[in-house]
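For reference, the structure is listed below as structure tokens.
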Amino acid sequence: MISDQAKKEIDIWVAKYPTGRQSSAVMEALKIVQAENGGSLTNDLIKAVADYLDMPRINAQEVATFYENYNHKPVGKHVIRFCHNISCMLNGADDLISYLETKLGVKTGEARKDGLVSVKKVECLGACVGAPMCQIGDKYFENLTEQRIDEILDGLK
Ligand code: FES
């Protein structure tokens, strides 16, 4: 279920921890397996990660369901992680998320039919000074407006 390539990548993280503490690599392991699975995790994949790290399955499940980094439904090629926490909310995040949903024809938490994009509401991403903001991949987009969202969407291929 976990590819040899993914196991190699996970082993790099396991090697960073003392012997017997391989479960400390669970967050990176889940991230690696999620990326290999098109951006989301199934329960079977979470169990496979737990088994590979020789840790209780419930502990891997707890990590995978606690953090917003992990998706449990299919996602688009680009996941727009839109902050809706206090600073972003006070600066218009809810209206911009509605704008985004209308523009893309997709509801938050769903992937668009063509698989290009999905929208996810997330808690504070630590860029409150640039509120309202979102994250796509490793990049932050701050001080968002409808016009700026249009420009960002035009750049997604
Ligand atoms: S509240 Fe949105 S980045 Fe902090």
Side-chain angles (χ1 to χ4, degrees), residues 6 9-10 12-14 16-17 21-43 45-47 49-50 53 55-157:
E9 292 176 38
I10 292 169
I12 291 169
W13 286 94
V14 167
K16 296 177 188 282
Y17 298 100
R21 303 285 182 155
Q22 67 280 359
S23 64
S24 297
V26 66
M27 289 188 72
E28 283 301 324
L30 290 167
K31 184 175 157 190
I32 290 163
V33 171
Q34 176 172 265
E36 188 173 63
N37 190 50
S40 64
L41 290 167
T42 62
N43 284 335
L45 284 171
I46 296 168
K47 286 178 194 169
V49 167
L53 295 176
M55 65 187 287
R57 289 176 169 179
I58 187 64
N59 290 3
Q61 187 74 28
E62 287 169 348
V63 171
T65 55
F66 180 79
Y67 293 101
E68 290 179 285
N69 313 39
Y70 308 110
N71 303 306
H72 303 280
K73 292 193 332 192
V75 295
K77 178 180 171 190
H78 303 285
V79 180
I80 301 174
R81 302 177 74 225
F82 214 112
C83 175
H84 70 131
N85 213 296
I86 189 71
S87 296
C88 289
M89 184 265 289
L90 290 174
N91 284 284
D94 290 339
D95 288 343
L96 289 176
I97 291 169
S98 295
Y99 177 76
L100 195 53
E101 288 177 330
T102 302
K103 175 116 186 160
L104 293 172
V106 66
K107 288 283 178 204
T108 298
E110 297 174 352
R112 201 167 75 175
K113 285 194 176 94
D114 65 1
L116 180 66
V117 67
S118 56
V119 181
K120 185 174 186 178
K121 283 185 187 175
V122 298
E123 300 303 331
C124 182
L125 290 169
C128 313
V129 72
M133 62 80 64
C134 72
Q135 178 185 22
I136 305 174
D138 293 332
K139 195 167 179 190
Y140 276 14
F141 298 89
E142 301 178 2
N143 304 305
L144 293 174
T145 60
E146 290 182 357
Q147 182 185 356
R148 184 70 185 113
I149 286 174
D150 289 345
E151 292 166 1
I152 293 165
L153 294 179
D154 286 346
L156 298 180
K157 307 270 185 254

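In each ligand, atom 1 is the first atom listed, and ligand 1 is the first ligand listed. If you read the sequence from its start, that first residue is 1, and numbering goes on from there.
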Original post:
Are Q34 and N71 close enough that some pair of their side-chain heavy atoms sits under 4.5 Å apart?
Top reply: yes
**OP:** Check whether any N, O or S atom of C83 sits under 2.8 Å from atom 4 (Fe) of ligand 1.
**Re:** no
Subject >> N59 vs V26 side-chain heavy atoms within contact, under 4.5 Å >> reply: no
Subject >> Ligand-side contact atoms (ligand 1) for residue partner C124, heavy atom cut-off under 4.0 Å >> reply: 1 (S), 3 (S), 4 (Fe)
Subject >> Expected output: side-chain Q22 to main-chain V14 donor-acceptor under 3.5 Å >> reply: no
Subject >> Distance filter under 4.0 Å to S87 heavy atoms, resulting ligand 1 atoms >> reply: 1 (S)
Original post:
Is the closest heavy atom of A127 to ligand 1 under 4.0 Å?
Top reply: yes
**OP:** Answer yes or no as to whether an N/O/S atom of C128 is found below 2.8 Å from atom 2 (Fe) of ligand 1.
**Re:** no
Original post:
Which of the numbered atoms in ligand 1 are below 4.0 angstrom from a heavy atom of L125?
Top reply: 3 (S)
Original post:
Tell me, do N69 and L30 make a side-chain contact under 4.5 Å, heavy atoms counted?
Top reply: no
Original post:
So, do I80 and L153 sit near enough that their side-chain heavy atoms are less than 4.5 Å apart?
Top reply: yes
